[in-house]
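To start, the structure itself, in structure tokens.
Each ligand, and each atom within it, is numbered from 1 in the order the structure gives.
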Amino acid sequence: MPRCQGHYSNSFLLYLFASFFICLKALGSSMSNGLNGHYQCAETELNSTEGELFLSEAFKVILEEAVHKATDVKEKVCEWKDPDQLRDVLDLELRDHGETHQQLLQRVRDVAKHSVKTNHPRFFNQLFAGVDYHALTGRLLTETLNTSQYTYEVAPAFVLMEDVVLRKLRSLVGWAEGDGIFCPGGSMSNMYAMNVARYWAFPQAKTQGLWSVPRLAVFTSQESHYSMKKSAAFLGIGTENVYHVKVDESGRMIPEDLEAKIVHAKSQGAVPFFVNATAGSTVQGAFDPLDRIADISESNGMWMHVDAAWGGSVLFSKKHKHLVAGIERANSMTWNPHKMLMAGLQCSVILMRDTTDLLMRCHCANATYLFQQDKFYDISLDTGDKSIQCGRKVDCLKLWLMWKAVGSQGLANRVDMAFANTRYFVEKLKKREGFQLVSEPQFVNVCFWYIPPSLRGKENSADYKDKLAKVAPIIKERMVKQGSMMVGYQPLDGRVNFFRMVILSPQLTQSDLDFCLDEIERLGRDL
Ligand SMILES: *Cc1c(COP(=O)(O)O)cnc(C)c1O
Ligand SMILES: *[C@@H]1O[C@H](CO)[C@@H](O)[C@H](O)[C@H]1NC(C)=O
Ligand SMILES: *[C@@H]1O[C@H](CO)[C@@H](O)[C@H](O)[C@H]1NC(C)=O
Ligand SMILES: *[C@@H]1O[C@H](CO)[C@@H](O)[C@H](O)[C@H]1NC(C)=O
Ligand SMILES: *[C@@H]1O[C@H](CO)[C@@H](O)[C@H](O)[C@H]1NC(C)=O
């Protein structure tokens, strides 16, 4: 048996799977449908009739609790409990004996009830929200088919599908040829980029390790996602060799500072090999000037990666794709269709312009039990060795089915709609007393402070910032405890805690956006 078959690194989806098709509680036990129609419990496996019965009843609960109610604006976004309370309510303990069918259905209901409804119209907390029913169907089918993406042998439909989806995504970037792979999340896609770039610059790093490579320098903007640091640490490059390039007011990398940092790194004996530009930064939604960064990367012989995990989806929109002008000059990009396109967690790709099989050469280990060279079909279809994983979850189906359903035009409309809703929200916000933008939004992130009446006009008092810093956390606590909405907040570069509203779901109405302003005011007026 292949040792790592069936191992998925994605704990979120494992969790989802567990809550859908129940369930750890039932492992080692099963129910039998007794003569009187009561489900009993026995430490034997379910037969298929019983299994399907349970599944169909659980599915009704899932549809009701995790889809229907979860998207109903009259229901709560979240059901806050302290961890100790929640542990009790969910009765998480695993025991020697299994539970009955009815108890397990109640477990499904409880898990749904006490989970955050990320598909609720008042969930603005993350860079994903809303629900696409076709993508959801794709996710359910993926879980049910339960295969691994590594070979044509076990995933024939998905190997071909992944290729088509990656090709189509690349064509939006402007790359007729190239490479790519679905990864478990944008952080991992970014890490792939850094690893492939190092292999490109110093292929001996793969076989001889870090001893064979000079000190390497990585460049990223101050605003870049923390996964950059994680990658540098994980790959043995070292977090101190990550040079942070300055950004302007709205969070865009300043090209002149990139040049200065490259000179500085060289003077310290490091070899600049990787620049990481951002298209849609996590907090402010800033787009770096990609053309300028490409000029600098080219003249220094560096690999240019664009982290477009968040902003990549603008490529669908004729109206907004100018934000990523120059992206076709990059060597690689990260793009998360699970964010703006709403494909569902998780769906992330690394796309590459390379046509020399770098991705495969960098990661392959030629496992002979899996990637036999004497198979009866074209072994180039066994793409699994491009990955650093063994078993790899199928992440293409949800995107493919959704794309089939609405077409590229539908996805473009989704992006345009998010921009239009953002504009509506910003206009409303500007007209309201007590709301102040942190910076003019470039994208669909809206960063703003709510200033309660007690602080208005006191901007010059000594403790203004300290007081303002406390406002967002208190409002957040109140909204979570009441379950009325969820929106994130954070401090940034000397700017005290502000809200970051993320507007992306096409299911949002103007009244949801109005509600958001009303609710923040209602919860914070007395502060
Ligand atoms: C979300 C995000 C990431 C990380 O993606 P995950 O899928 O959450 O790992 C990386 N970069 C940017 C700019 C992001 O917005
Ligand atoms: C999924 O695959 C695993 C092995 O990888 C197997 O143990 C399990 O029974 C399968 N589940 C379903 C629902 O097919
Ligand atoms: C499954 O179990 C039920 C109840 O225990 C029994 O009535 C039924 O015949 C079994 N079905 C199969 C296909 O074994
Ligand atoms: C690059 O910058 C982006 C965006 O800020 C960030 O998310 C990412 O983690 C960085 N690192 C790498 C290795 O791409
Ligand atoms: C895998 O096989 C290819 C082609 O035969 C070879 O070039 C490569 O060096 C091998 N890689 C490893 C890690 O064994």
| task | Name the option, out of Asn47, Leu53, Leu46, that contains the heavy atom nearest to atom 12 (C) of ligand 3. | result |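 Residue with the shortest heavy-atom distance to the ligand atom: Asn47.
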Which bit of [X] is near ligand 1, meaning a heavy atom under 4.0 Å away: side chain, backbone, both or neither?
{"X": "His338", "value": "side chain"}
{"X": "Ser187", "value": "both"}
{"X": "Lys339", "value": "side chain"}
{"X": "Thr334", "value": "neither"}

| Would you say ligand 1 has an N or O under 3.5 Å from any N or O of Ser281? |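 No, since none of the N or O atoms of Ser281 sits under 3.5 Å from an N or O of ligand 1.
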| Taking distance alone, with no angle check, do Gly185 and ligand 1 share an N/O pair under 3.5 Å? |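 Between Gly185 and ligand 1 (N or O atoms, distance only) the closest approach is not under 3.5 Å.
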I need the atoms of ligand 1 closer than 4.0 Å to a non-hydrogen atom of [X], numbered in the order shown.
{"X": "Trp310", "answer": "15 (O)"}
{"X": "Gly280", "answer": "13 (C)"}
{"X": "Ala309", "answer": "2 (C), 3 (C), 10 (C), 11 (N), 12 (C), 14 (C)"}

| Does a side chain donor of either Gln284 or Ser281 reach within less than 3.5 Å of an acceptor in the other side chain? |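 Side chains of Gln284 and Ser281: no pair found under 3.5 Å.
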| field | Cys364 neighbourhood, listing ligand 5 atoms whose heavy-atom distance to it stays under 4.0 Å | value |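 In order of numbering, the contacting atoms are 11 (N), 13 (C).
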| query | Do any nitrogen or oxygen atoms of Lys206 come within less than 3.5 Å of a nitrogen or oxygen of ligand 5? | reply |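 For ligand 5, there is no N or O atom that lies under 3.5 Å from one belonging to Lys206.
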